[in-house]
Amino acid sequence: MKSRAKGKGKGKGKGKGKGHALTENNLIFAHPASLRDVENHYCAGCGHGIVHRLICEAVDEFGIREKTIGVAPVGCAVLAYDYWDFDVTEAAHGRTPAVATGIKRVRPDNIVFTYQGDGDLAAIGTAEIIHTANRGENITVIFVNNGVYGMTGGQMAPTTLAGQKTATTIYGRSLKRDGYPIKILEMLAVLPGAKYLERVAVNSAHEVLRAKRAIKNAFKMQIDNKGFSMVEVLSMCPTYWEMTSIQAAKRINDEVATFYPLGVIKSC
Amino acid sequence: MPKIKIDKVRCKGCYLCIVNCPNGLIKIANGLNIKGVKPAVFSGGKCTGCTMCAVICPECIIEVYR
Amino acid sequence: MAHKILMCGNEACGEGAILAGCTFYAGYPITPQNELTAYIAKRMLETGGVFIQAESELAAINMVFGASVAGARAMTSSSSPGISLKQEGISYLAACELPCVIVNMQRGGPGLGNIAPSQADYFQAVKGGGHGDYKLIVFAPSSAQELLEFTYLAFELADKYRNPTFILGDGLLGQMMEPVQIRYTNDDIRTTKKEWALTGCKGRKPNVIKSLLLGEGELERHNQKLQEKYSSIKKIEQRAEAFYIKDSDIVVTAYGSVARIARSAMKKARAKGIRVGMIRPITLWPFPDRLFKETADRTEKFLVVEMSAGQMVEDVKLAVGGRTDVEFYGRMGGAIPTEEEILEKIESII
């Protein structure tokens, strides 16, 4: 936001009652330059679009677009490279942090981040995220947790809440049969290599602003060579939660964030 | 007075902007857009330019002018 | 002046990589390739390169993916079970046309098998191994010297064709100590400008490296492009060594460490007056089929010897195209064929 200079509020338009003309001068919120001005493929009310934008805002505000390298995951966000206007590669499912490790070690002056969903990071890629954090790789991980496999049709994710209905838990996740939802940040917090861990949500404008601050903090950690930083974003999947976008946003408050507490889990 | 502009062609109709506008200045349009959804539209009125609608918009299609 | 150093095959392979300007290695311990990991860990410290002992083979191959995508000369190594784990990443590397070198010091299989030398991963190396239609350039060294030289060459060809290359050794070659002559210096490295690499988009449009191609016909076009590249590699890069093929009734064929044993058997047979020649494929893919085609018209029989139930023999049969008989002798599960066994087989089929 505020990617362009704040206007003085004195439009040139003389039309009465219409206020002033809508010009670049008085534009106070617009597309960040790093986010391509194209339509995304996400469902209505999906949080990915917001998180994509927040990353671009952080990249633009730090002025690091020309040295940023993103690693896209397998999952709904696999096409992220269509939206980000900087160098991006795509990793095999769950291997995202390993790929980012290779890039960052070869190019320590670049800013390297991974973008991962809960299937990618908390199931198939558990080993990679734990060891990447434990090695203290100086990368930033943006972890979008919506508690469901979206791209493959709404199956149970490792982060699916107890009782939550999915394509593979039709009567709701049974703790006895399916195990417990996994709190990745709390797990990583015990690792000395993990330096900044924060959980945020994107279900309201206020939470989005907090999420942006967290994402900027995480990138700042990397810019300052302080080591592994990660932001978990609780996000909505109205399609596979089978509810409206507004209900989905409310569910984050009522159910998701009560299990996955928001806030800084670790900062050092 | 501040104003917002919503790209109604790209609006997918999640209406998160509607619930995030503190002054209730965004409403659902009567007609359908090309996607077959009724897009969110600015109803006019006392917009403060708080940008909350744009901040929550997953499509990044709301511009705010002051 | 080039001097000789006594080193094991695994170390020679690592030195070949360092000489070729490899600046990134990620691997995971597995016998019988551990000397390579240890050697390269030490050499990376000395040369300022990156060494990472990864949490798994999966992570290692994907770290190599990252290093390669960022433009570095990168390498990983393992032995059979670990190479199976790497197959996913190898398919992605081939799909994204990312250069890198992968080393397999084969051991007995299937499963955990044993740690004795084997050649039972031939199919996995030359036919793809992972999912999808792709090929790796596969070298079959048969000495520590060749491990050094072919690893060096593998880096050059990887960059030249933007394709992963593969060193198919075995536990015997990896562990055996031999004098190795170092003929390269860092000045010999032919570096390729990698315009496609992810370096940050300063002064250019962003680069995207990916293998998901969803557009109408896009993936087929990408596959066609890969196949065209493979055809040109097939034309240019076939390599083999031949002995007495113009003067033989029977041509023994073996690669890697078995080729050394087969060569001794050939010499013994010739001393007995049996007209035996030999072809040793150096590249297993592209398979040197031109040489086999030419030889098929001159000889009565081929005898393929492998440390497997018979894998390369299928490529020999394909190359020969039924024009002459192809016999097979193999040992499995880490057993090594002896000169005497090969000689006996030659005498039984002549």
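Letters go in sequence order (proteins before strands), and every chain restarts at 1.
Ranked by non-hydrogen atom pairs under 4.5 Å with chain A, the options C:Leu212, C:Val50, C:Val64, C:Thr23 are led by C:Leu212. With chain C as the partner, the residue from A:Arg95, A:His93, A:His131 showing the most heavy-atom pairs under 4.5 Å is A:Arg95.
Between A:Ala98 and C:Ala59, the shortest heavy-atom contact is CB-O, 3.6 Å. In plain terms, the two heavy atoms of A:Glu128 and C:Ser56 that are nearest each other are OE2-OG, 4.3 Å. Minimum heavy-atom separation, C:Gly66 to A:Ile103: O-CG1, 3.2 Å. Across every non-hydrogen atom of C:Ser211 and A:Glu90, the tightest pair is N-OE2, 2.8 Å.
With a threshold of 4.5 angstrom between heavy atoms, A:Leu79 approaches chain C through side-chain atoms but not through N, CA, C or O. With a 4.5 angstrom heavy-atom cutoff, C:Thr199 touches chain A via backbone and side-chain atoms both. When heavy atoms are compared at a cutoff of 4.5 Å, A:Asp85 approaches chain C by way of both its backbone and its side chain. For C:Ala95, no part lies near chain A; criterion is any non-hydrogen pair under 4.5 Å. Looking at C:Ile61, neither its backbone nor its side chain comes within 4.5 Å of chain A, counting heavy atoms on both sides. For C:Phe51, the part lying near chain A is the backbone, with the side chain staying farther off; criterion is any non-hydrogen pair under 4.5 Å. Contact annotation for A:Ala92: both backbone and side-chain heavy atoms come within less than 4.5 Å of a heavy atom of chain C.
At least one side-chain heavy atom of A:Arg135 sits less than 4.5 Å from a side-chain heavy atom of C:Glu55. Proximity of A:Val88 to C:Leu198: side-chain heavy atoms (C-beta onward) are nowhere separated by under 4.5 Å. With contacts defined as side-chain heavy-atom distances shorter than 4.5 Å, the pair C:Met63/A:Arg105 does not qualify. You'll find the side chain of A:Phe86 stays beyond 4.5 Å of the side chain of C:Val208, heavy atoms only. Residues A:Tyr81 and C:Ile209 are not in side-chain contact: their nearest non-hydrogen atoms beyond the backbone lie 4.5 Å or more apart. In this structure, C:Pro206 and A:Arg36 have side chains that are in contact, with non-hydrogen atoms separated by less than 4.5 Å.
Remark: C:Ile115 CD1 is loosely packed, at most 12 non-hydrogen atoms of other residues, nucleotides or ligands lying under 6.0 Å away. No more than 12 heavy atoms of other residues, nucleotides or ligands shown are found within 6.0 angstrom of NZ on A:Lys226. Summarising the local packing, OH of C:Tyr28 is surrounded by 12 or fewer heavy atoms from other residues, nucleotides or ligands at distances under 6.0 Å. Summarising the local packing, CD of C:Glu220 is surrounded by 12 or fewer heavy atoms from other residues, nucleotides or ligands at distances under 6.0 Å.
Atom CD of A:Glu137 and atom CD1 of C:Ile52 lie 5.5 Å apart (nearest 0.5 Å).
C:Arg204 has a carboxylate O that lies under 4.0 Å from a charged side-chain N of A:Asp87, or vice versa, which qualifies the two as a salt bridge.
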